[in-house]
There are 2 protein chains.
Amino acid sequence: MLHEEVVGRIRDILLDGEIPPGARIPERELCERLDISRTPLREALKVLAAEGLVQLLPHRGSRAAKLTDKDMRDLFEVCQGLEALAGELACERITDADIAEIAAAHAAMVQHYREGDLIQYYRGNRAIHEGIVNAAGNPVLSGLYASVTARIRRARYVTPMTSQRWAFAVSEHEAILNALQRRDGAGLSHILRAHLRHKREEVLQAGFAETDTNELTLKIA
Amino acid sequence: MLHEEVVGRIRDILLDGEIPPGARIPERELCERLDISRTPLREALKVLAAEGLVQLLPHRGSRAAKLTDKDMRDLFEVCQGLEALAGELACERITDADIAEIAAAHAAMVQHYREGDLIQYYRGNRAIHEGIVNAAGNPVLSGLYASVTARIRRARYVTPMTSQRWAFAVSEHEAILNALQRRDGAGLSHILRAHLRHKREEVLQAGFAETDTNELTLKIA
DNA sequence: TTTTGCATTTTTGAATGCAAAATTTGGAAT
DNA sequence: ATTCCAAATTTTGCATTCAAAAATGCAAAA
């Protein structure tokens with residue numbers, strides 16, 4: 001198994017919440033599961049720590065990073081900035097074909113909304129945002145965006161989605177597609193910022209504060 | 001020696017150009033120099049690869065990453081976006097004390113300019129930009145900024161600095177400080193973007209294209 | 001002289017072993 | 001019964017070792 005694959009596998013385990021935020025990462029167990037020795041596992045953990053997904057405590061092992069409200073706010077803030085930048089650049093550089101692709105993804109997402117399929121809706125949503133970012137044609141930007149959204153991702157799904165909010169989000173997406181089709185960089189940038197601001201408010205109001213497993217057991221006891 | 005320290009030491013070696021872009025990273029040599037074994041060294045190299053400073057070639061070891069013109073353009077583009085965001089946020093949040101600190105750094109930098117001390121000028125320049133970014137009060141943003149500027153840094157010093165350009169850069173910095181003191185977020189953001197755009201033009205016009213050592217030896221031969 | 005094929009050497013990537021540190025356990029004293 | 005302390009166990013971090021892959025050198029053939 002290649003180094004990057006090990007990193008990816010562990011990243012997925014963390015993002016799926018299989019190892020909950022704040023929980024210790026059991027080296028030996030993961031080694032057996034991935035069928036590798038501790039050396040490559042620890043290399044991967046160090047990389048994930050640099051990404052902010054893992055917290056290393058010297059001589060005390062590693063834990064799945066726990067995000068505070070402040071962390072989440074900061075991540076959204078940066079995410080807003082990155083998407084806003086991507087929106088402007090995308091409008092300058094995107095091809096008609098790529099616009100068509102994003103329009104198709106948008107239509108599919110709206111269909112999932114009509115069907116009330118939240119999971120598929122989120123998947124489509126993500127594809128659109130990623131499509132815009134990638135349309136900026138800047139791999140550095142795409143890379144940072146991927147890193148930031150990965151850390152945010154878990155929170156997105158814990159947010160309760162009311163029908164009113166959902167409808168509003170879809171309307172925002174209509175505006176996003178419209179600005180993109182008009183290649184209105186400033187407009188797109190503005191809408192994206194607002195869209196993310198709203199999402200952030202939802203997540204933070206939902207009382208996002210990752211309690212680590214120890215605290216949780218204490219509360220239960 | 002702590003893991004983070006190893007990463008830092010190697011990062012410095014790369015940023016100082018001691019191992020030139022494209023050159024192989026001699027594991028054994030570095031091990032002896034840092035007085036560590038290959039295990040922690042390789043952990044550090046993997047982290048630096050994730051940061052984009054090192055390129056890993058499976059079964060062929062690691063090389064100092066070589067930046068193309070496109071890479072440099074992309075990095076500057078993202079850097080612009082990050083600084084613009086930081087500028088807006090800083091104006092909302094910065095304290096009078098922090099403004100005073102940046103003003104002092106600015107004065108010192110101008111003094112270095114008058115004395116013609118380019119090295120000290122660059123150092124002061126960097127302190128100001130970092131000060132603004134940190135004043136945004138967003139560690140995620142500060143982290144990404146550090147990572148992006150690290151990769152750009154080497155190029156900055158290869159740019160020939162004419163007295164005209166230098167004077168203009170200083171005048172831009174006057175405007176930056178002014179906007180910050182007025183807490184004019186939009187204005188600061190705008191000036192920072194222009195400032196970086198100019199810097200980027202200089203760097204790219206200087207014909208930045210990192211030739212790796214092999215190509216170099218071929219040219220010499 | 002240049003090129004090709006093979007053996008040797010070097011280097012890489014990963015497993016193992018070992019010392020140091022931290023955690024847990026068990027028992028004694030209060 | 002509870003608290004505190006020391007011994008035992010586990011876990012961490014790193015050096016070493018080992019197998020596989022790549023690079024190098026050399027001789028033979030074109």
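Look at CD on B/E27: it is 16 Å from P on D/dA22, rounded to the nearest Å. Put simply, CG on A/L30 is 14 Å from P on C/dA15, counting in whole angstrom units. In this entry the distance linking CG of A/L41 with C1' of D/dC14 reads 15 Å, nearest Å. Rounded to whole Å, the distance from CD1 on B/I36 to C1' on D/dG13 is 12 Å. Nucleotide C/dA15 holds its C1' atom 15 Å from the CG atom of A/L34, rounded to whole Å. Going from atom CZ of A/R42 over to atom P of C/dT16 covers 16 Å, rounded to whole Å. Here C/dT11 presents its P atom at 10 Å from CD of B/E29, a figure rounded to the nearest Å. One atom, CG of A/D35, and another, P of C/dA14, lie 12 Å apart when rounded to the nearest Å.
The partner of D/dT11 is C/dA20, judged by Watson-Crick or G-U wobble contacts that both fall below 3.5 Å. For D/dA21, the paired base is C/dT10 (Watson-Crick or G-U wobble, both distances below 3.5 Å). Across every strand in view, D/dA30 sits in a pair with C/dT1 that passes the Watson-Crick or G-U test at under 3.5 angstrom.
The listed nucleotides are C/dT12, D/dT12, C/dA14; the one nearest the side chain of A/E43 is C/dA14. The B/H59 side chain lies nearest to D/dA21 when the options are D/dA21, D/dG13, D/dT16. Of the candidates C/dA14, C/dG13, D/dT12, the closest approach to any side-chain atom of A/P40 belongs to C/dA14.
Across all their heavy atoms, A/A146 and A/T149 have their closest contact at O-OG1, 3.2 Å.
Judged by atom type and distance alone, B/R38 reaches the base of C/dG13 through a side-chain donor-acceptor pair under 3.5 Å. A donor N or O paired with an acceptor N or O is not found under 3.5 Å between the base of C/dA14 and the side-chain atoms of A/S37.
Looking at B/R93 and A/E77, a side-chain N of the basic residue comes within less than 4.0 Å of a carboxylate O on the acidic one, giving a salt bridge. Between B/R33 and B/E29 there is no salt bridge, since no side-chain N of the basic residue sits under 4.0 Å from a carboxylate O of the acidic one.
Within the 4.0 angstrom heavy-atom criterion, only backbone atoms of the sugar-phosphate kind lie near B/L57; the bases stay farther away.
The residue among A/P58 and B/R28 whose nearest nucleotide of DNA chain C is located toward the 5' end is B/R28.
Phosphate contact (OP1/OP2 of D/dT12, side-chain N/O of A/R24, threshold under 4.0 Å): present. For the OP1/OP2 pair of C/dT23 and a distance below 4.0 Å, the side-chain nitrogens and oxygens of A/R60 include at least one atom meeting the criterion.
Looking at B/R73, its side chain never comes within 3.5 Å of a backbone N or O of A/N138 through a donor-acceptor pair.
With respect to A/H173, the ring-ring contact (aromatic ring centres under 6.0 Å, His included) criterion is satisfied by exactly one of A/H112, A/H195, A/H198: A/H195.
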